[in-house]
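Numbering of ligands and ligand atoms starts at 1, following listing order.
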Amino acid sequence: MTKVIPADRIKKLPPYLFAAIDAMKQEAIREGKDVINLGIGDPDLPTPTSIIERLQRAAAIPKNHQYPSYEGMPSFREAVAQWYQGRFNVALDPYTEVVTLIGSKEGIGHAPLAFINPGDTALMTDPGYPVYHAGTLFAGGESYFVPLLEENGFLPDLHSIPESVARKARMFFINSPNNPTTAVATREFFESVVAFANRYNILICHDAAYSEIYYNDIRPLSFLEVPGAKEVGIEFHSLSKTFNMTGWRIGFAVGNKEALAALLKVKSNLDSGVFQAIQEAGITALKTEDHILNNIRRIYQERRDVLVPGLQKLGFQIESPKASFYVWIKIPSHTLSAEFASRLLAETSIVATPGIGFGEAGEGFIRMTLTSPTTRLLEAVDRMEKAGITGR
Ligand SMILES: *Cc1c(COP(=O)(O)O)cnc(C)c1O
């Protein structure tokens with residue numbers, strides 16, 4: 001009998017900090033409690049009908065049953081380039097500057113395999129999406145975490161990165177609109193990132209998964225809108241959050257063609273692309289009429305405008321997010337985020353994510369999501385009030 005010994009890289013993964021909360025949640029559900037789940041970043045709204053209908057038609061076409069091309073269908077990549085031109089006024093060559101991904105997580109996770117040699121450093125923001133670090137570990141790299149601090153508007157302070165670290169760094173993961181802090185990058189910030197990348201010869205990997213979840217018609221920028229960005233970086237996009245398609249698994253990377261070619265080299269050895277019927281549906285998604293997306297944004301905005309004032313009334317210091325479907329909530333300084341989340345679940349059956357789960361700099365915060373109806377958010381605030389859980 002073989003004694004199965006997992007590789008060291010698996011042991012190096014950080015402990016799954018949500019495990020305790022998950023177990024408590026399952027327990028509460030088993031006990032028949034009415035759990036309000038504000039923990040998951042997964043849209044509750046359905047995929048728009050036109051996209052579903054396109055999949056149904058495309059699934060019946062025999063040529064779509066065969067292997068897709070590694071880089072994605074030309075028609076999907078052309079639709080991406082068109083969408084980019086319309087949305088960001090950025091011109092992309094669909095054949096060299098767009099790669100289809102099996103969701104952006106797949107591209108983000110594989111990117112370090114294309115750019116990191118064992119021992120190389122990847123920069124990433126903390127708190128952050130855990131895949132930046134996991135992908136770096138799998139490539140044998142070292143992660144350097146740049147904290148996202150309230151006093152800097154939750155944007156990374158590039159000057160805080162030691163010269164010796166910057167010189168060793170090969171890539172830098174940034175993310176705007178940000179999960180979990182909800183911060184949105186300014187043009188000046190992106191310009192400073194381009195200068196930083198040029199100075200230290202670093203590849204920028206910008207995660208733009210939430211670019212279309214914004215409020216008050218203030219549209220977040222693409223990193224590629226800034227002069228020189230395409231010379232230093234790539235941008236990851238997802239259809240998941242924008243079109244309520246998390247289960248479909250389709251996204252794309254755009255930008256620097258040498259970088260995309262290297263990423264594609266990794267991918268073509270590990271996966272075989274995205275089911276063509278889903279790519280066809282993706283074309284329909286990228287052509288979704290504005291009124292449909294405006295309606296989705298309006299629903300999140302209504303929820304935001306219920307949850308944020310409700311929490312503020314309970315004494316929590318929070319700013320209303322300008323983008324994303326998260327609320328990043330500062331908790332009283334005398335508690336740890338994991339303790340706070342446990343108490344919330346035990347006393348109110350509300351699931352929220354402790355900030356520490358996104359990295360050390362996430363301590364002192366919890367994250368709630370706007371992927372539940374307003375009635376549930378009102379109920380959540382009400383339960384907190386009754387349990388005496390406040391921001392003070
Ligand atoms: C959800 C999410 C992704 C990944 O989405 P996919 O479904 O894999 O496209 C990437 N980055 C961030 C920050 C996310 O929250």
Is a donor from one side chain sitting under 3.5 angstrom from an acceptor on the other, for [X] and [Y]?
| X | Y | value |
| --- | --- | --- |
| Thr284 | Arg54 | yes |
| Thr47 | Asn244 | no |
| Gln26 | Asp22 | no |

With the criterion set at N/O pairs under 3.5 Å, what does the list of contacts between the protein and ligand 1 look like, atom names and distances included?
{"unit_1": "ligand 1", "atom_1": "5 (O)", "unit_2": "Ser104", "atom_2": "OG", "d": "3.4"}
{"unit_1": "ligand 1", "atom_1": "7 (O)", "unit_2": "Ser240", "atom_2": "OG", "d": "2.6"}
{"unit_1": "ligand 1", "atom_1": "7 (O)", "unit_2": "Arg249", "atom_2": "NH1", "d": "2.8"}
{"unit_1": "ligand 1", "atom_1": "8 (O)", "unit_2": "Ser104", "atom_2": "N", "d": "3.3"}
{"unit_1": "ligand 1", "atom_1": "8 (O)", "unit_2": "Lys105", "atom_2": "N", "d": "2.9"}
{"unit_1": "ligand 1", "atom_1": "8 (O)", "unit_2": "Arg249", "atom_2": "NH2", "d": "2.7"}
{"unit_1": "ligand 1", "atom_1": "9 (O)", "unit_2": "Ser104", "atom_2": "N", "d": "2.7"}
{"unit_1": "ligand 1", "atom_1": "9 (O)", "unit_2": "Ser104", "atom_2": "OG", "d": "3.0"}
{"unit_1": "ligand 1", "atom_1": "9 (O)", "unit_2": "Ser238", "atom_2": "OG", "d": "2.6"}
{"unit_1": "ligand 1", "atom_1": "9 (O)", "unit_2": "Ser240", "atom_2": "OG", "d": "3.4"}
{"unit_1": "ligand 1", "atom_1": "11 (N)", "unit_2": "Asp207", "atom_2": "OD1", "d": "3.3"}
{"unit_1": "ligand 1", "atom_1": "11 (N)", "unit_2": "Asp207", "atom_2": "OD2", "d": "2.6"}
{"unit_1": "ligand 1", "atom_1": "15 (O)", "unit_2": "Asn179", "atom_2": "ND2", "d": "2.9"}
{"unit_1": "ligand 1", "atom_1": "15 (O)", "unit_2": "Tyr210", "atom_2": "OH", "d": "2.6"}
{"unit_1": "ligand 1", "atom_1": "15 (O)", "unit_2": "Lys241", "atom_2": "NZ", "d": "3.1"}

Transitive ILVMFWY cluster of Phe173, excluding itself - 4.5 Å side-chain cut-off: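 Traced through the cluster, Phe173 reaches Tyr70, Val99, Leu101, Ile108, Phe115, Ile116, Met124, Tyr129, Val131, Tyr132, Phe145, Met171, Leu203, Ile234, Phe236, Leu260, Leu263, Leu264.
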
If you link ILVMFWY side chains whenever their heavy atoms are less than 4.5 Å apart, which other residues fall into the same cluster as Ile218? By chain and number, please.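 The other cluster members (ILVMFWY side chains, heavy atoms under 4.5 Å, direct or chained): none.
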
Where at least one partner belongs to residues 193-204, residue pairs that pass side chain to side chain donor-acceptor pair (under 3.5 Å), sequence neighbours excluded: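 Output for this query lists Glu163-Tyr200.
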
